[in-house]
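Note that ligands are numbered from 1 as they come in the structure, with each ligand's atoms numbered from 1 the same way. Numbering starts at 1 and runs along the sequence shown.
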Amino acid sequence: HAKRQGRDRSTLFDSEIQMTARSRFALEGELRDALQQQSLDVFFQPIMDRTGQHMESMEALVRWQHPRRGWLSPIEFLDVARSAGLMYELGACVLERVCRHWREGMDAGLRLPTISVNLSAEQVLVQELPELVRKICELYEMPLTALQFEVTEDSIQGDFEVISGVLEQLVEAGAELAIDDFGTGYSSLSRLKSLPFSRIKIDRSFINNLPDDENDCAITLSIIGLARGLGLSVVAEGVELESHEAWLFDKGCDYLQGYRYSKPLPFADICAKFLNYPA
Ligand code: C2E
Ligand code: MG
Ligand code: MG
Ligand code: MG
């Protein structure tokens with residue numbers, strides 16, 4: 001399993017460096033257009049509670065329906081967005097989409113769970129981010145308590161004063177804060193301690209080979225213990241198999257996310273599948 005993943009990764013990497021400067025440039029222009037036309041979309045993936053039956057929250061994941069290439073996943077265009085300086089704008093576009101879907105769902109009478117939105121390093125370094133978030137939420141009459149934000153360890157390596165100011169304002173306004181892909185980044189336990197996190201998401205690379213890989217078991221167990229000790233909830237990402245689920249619940253993991261429950265789907269499909277809508 002691990003071997004397979006390793007090969008997938010290097011294939012991806014190869015195709016990435018083989019992408020010519022010209023096609024990268026084209027993609028950048030098309031991405032600018034997509035942002036201008038607000039044609040990026042978000043899919044949603046459920047995060048399940050301990051019954052394994054009920055959706056506790058859902059994560060918004062950006063998607064791009066490219067005019068010729070079809071649906072693109074973030075790994076195929078986030079690098080381009082990053083090097084073109086478009087990450088802040090992309091983040092705003094995602095947030096707008098999320099809030100619009102939320103309003104749509106509320107107007108249809110749904111009981112929507114918290115929606116979790118990924119924030120980039122570029123976004124958390126902008127002091128006006130909380131103001132932007134408040135504005136977009138106001139536009140759709142969405143309370144910030146309906147939102148959770150996810151940041152990776154790497155995305156919070158910049159100017160601590162700015163980042164903690166931004167994240168604290170979001171939390172004060174009612175949003176929750178999760179640390180994403182935990183264990184894979186430039187880890188800093190002091191940042192984990194000093195920022196207002198309420199949740200840890202264990203990276204899926206540690207979940208893949210549970211419960212056979214002893215090292216992964218030890219790491220996952222210790223992250224669950226760390227979350228417990230700090231009074232944080234803990235989510236396992238990349239749960240694909242029943243054996244993953246069984247092991248994680250046995251060890252006290254609070255929430256599970258992965259293909260075992262659903263891949264990311266359009267908003268309407270998630271509502272139909274997990275909120276029985278329309279009944
Ligand atoms: P992430 O935030 O860790 O999101 C989870 C990723 O794992 C998603 O990939 C999801 O489709 C995938 N995944 C979920 N369950 C499974 C599983 O059981 N097995 C496997 N193999 N994969 C699973 P996706 O949607 O391609 O997103 C990749 C990354 O791109 C995200 O990782 C996040 O870092 C970034 N990203 C996605 N949307 C946004 C966004 O709106 N803004 C920012 N800044 N980053 C985003
Ligand atoms: Mg995430
Ligand atoms: Mg993650
Ligand atoms: Mg991940």
As an exercise, identify every atom of ligand 1 less than 4.0 angstrom from a heavy atom of [X].
{"X": "G238", "result": "16 (C), 17 (C), 18 (O)"}
{"X": "L78", "result": "30 (O), 35 (C), 36 (N), 45 (N), 46 (C)"}
{"X": "V239", "result": "18 (O)"}
{"X": "S120", "result": "44 (N)"}
{"X": "P264", "result": "11 (O)"}
{"X": "E240", "result": "17 (C), 18 (O), 19 (N), 20 (C), 21 (N)"}

**Message:** Checking I270 against M58 for the side chain to side chain contact (heavy atoms under 4.5 Å, CB included) test, could you report, in this order, the C-alpha distance in whole Å, the side-chain angles of both residues, the deciding distance, and whether it holds?
**Reply:** CA-CA 9 Å; I270 284 292; M58 53 187 177; 3.6 Å; yes
Output yes when the distance from some N or O of ligand 1 to some N or O of [X] is under 3.5 Å, and no in every other case.
{"X": "R260", "value": "no"}
{"X": "Q123", "value": "no"}
{"X": "Q257", "value": "no"}
{"X": "V62", "value": "yes"}

Do any heavy atoms of [X] fall under 4.0 Å from ligand 1?
{"X": "R63", "value": "yes"}
{"X": "G91", "value": "no"}
{"X": "D181", "value": "yes"}

**Prompt:** Does any N or O in the side chain of E168 come within less than 3.5 Å of the main-chain N or O of L195, such that one atom is a donor and the other an acceptor?
**Reply:**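 Not confirmed, E168 side chain does not pair with L195 backbone.
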For [X], which part has a heavy atom under 4.0 Å from ligand 1: side chain, backbone, both, or neither?
{"X": "E59", "value": "side chain"}
{"X": "V117", "value": "neither"}
{"X": "Q45", "value": "side chain"}

Charged N-O contact under 4.0 Å between [X] and [Y]:
{"X": "E28", "Y": "R24", "answer": "no"}
{"X": "E56", "Y": "R50", "answer": "no"}
{"X": "D107", "Y": "R103", "answer": "yes"}

**Asked** Can you give me the OD1-the Mg ion (ligand 3)-OE1 angle for D181 and E237, to 10°?
**Response** 80°
**Message:** Taking N, O or S atoms only and a limit of 2.8 Å, check whether E150 reaches the Mg ion (ligand 3).
**Reply:** no
**Partner of S116 by side chain to side chain donor-acceptor pair (under 3.5 Å), out of Q257, Q45, E150, E59** = E150
**Prompt:** Name the one of E245, E240, H244 that satisfies side chain to side chain donor-acceptor pair (under 3.5 Å) with R260?
**Reply:**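 Answer after filtering E245, E240, H244: E245.
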**Request:** Identify, with sequence neighbours excluded, every residue that meets side-chain contact (heavy atoms from CB on, under 4.5 Å) alongside S233.
**Result:** R199, D254, Y255
**Complete:** Test ring-ring contact (aromatic ring centres under 6.0 Å, His included), reference W64, set F43, F77, W71, output is F77
**Asked** Taking it one step at a time, do L210 and C217 satisfy side chain to side chain contact (heavy atoms under 4.5 Å, CB included)?
**Response** CA-CA 6 Å; L210 295 178; C217 286; 3.8 Å; yes
**Message:** Considering only residues two or more places apart or on different chains, which pairs with a residue in residues 213-222 satisfy side-chain hydrogen bond (donor to acceptor under 3.5 Å, both in side chains)?
**Reply:**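 Pairs touching residues 213-222 that pass the test: none.
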**Request:** Please work out which of the three classes, parallel, tilted or perpendicular, describes the rings of F267 and H101, given edges at 30° and 60°.
**Result:**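 Because their plane-to-plane angle is under 30°, the rings of H101 and F267 count as parallel.
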**Prompt:** Near the Mg ion (ligand 2), is there an N/O/S atom from N118 that is less than 2.8 Å away?
**Reply:**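 So N118 counts as coordinating the Mg ion (ligand 2), yes.
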**Asked** What angle, to the nearest 10°, do the atoms OE2 (E59) and OD2 (D180) form about the Mg ion (ligand 2)?
**Response**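 Reported to 10°, the angle equals 180°.
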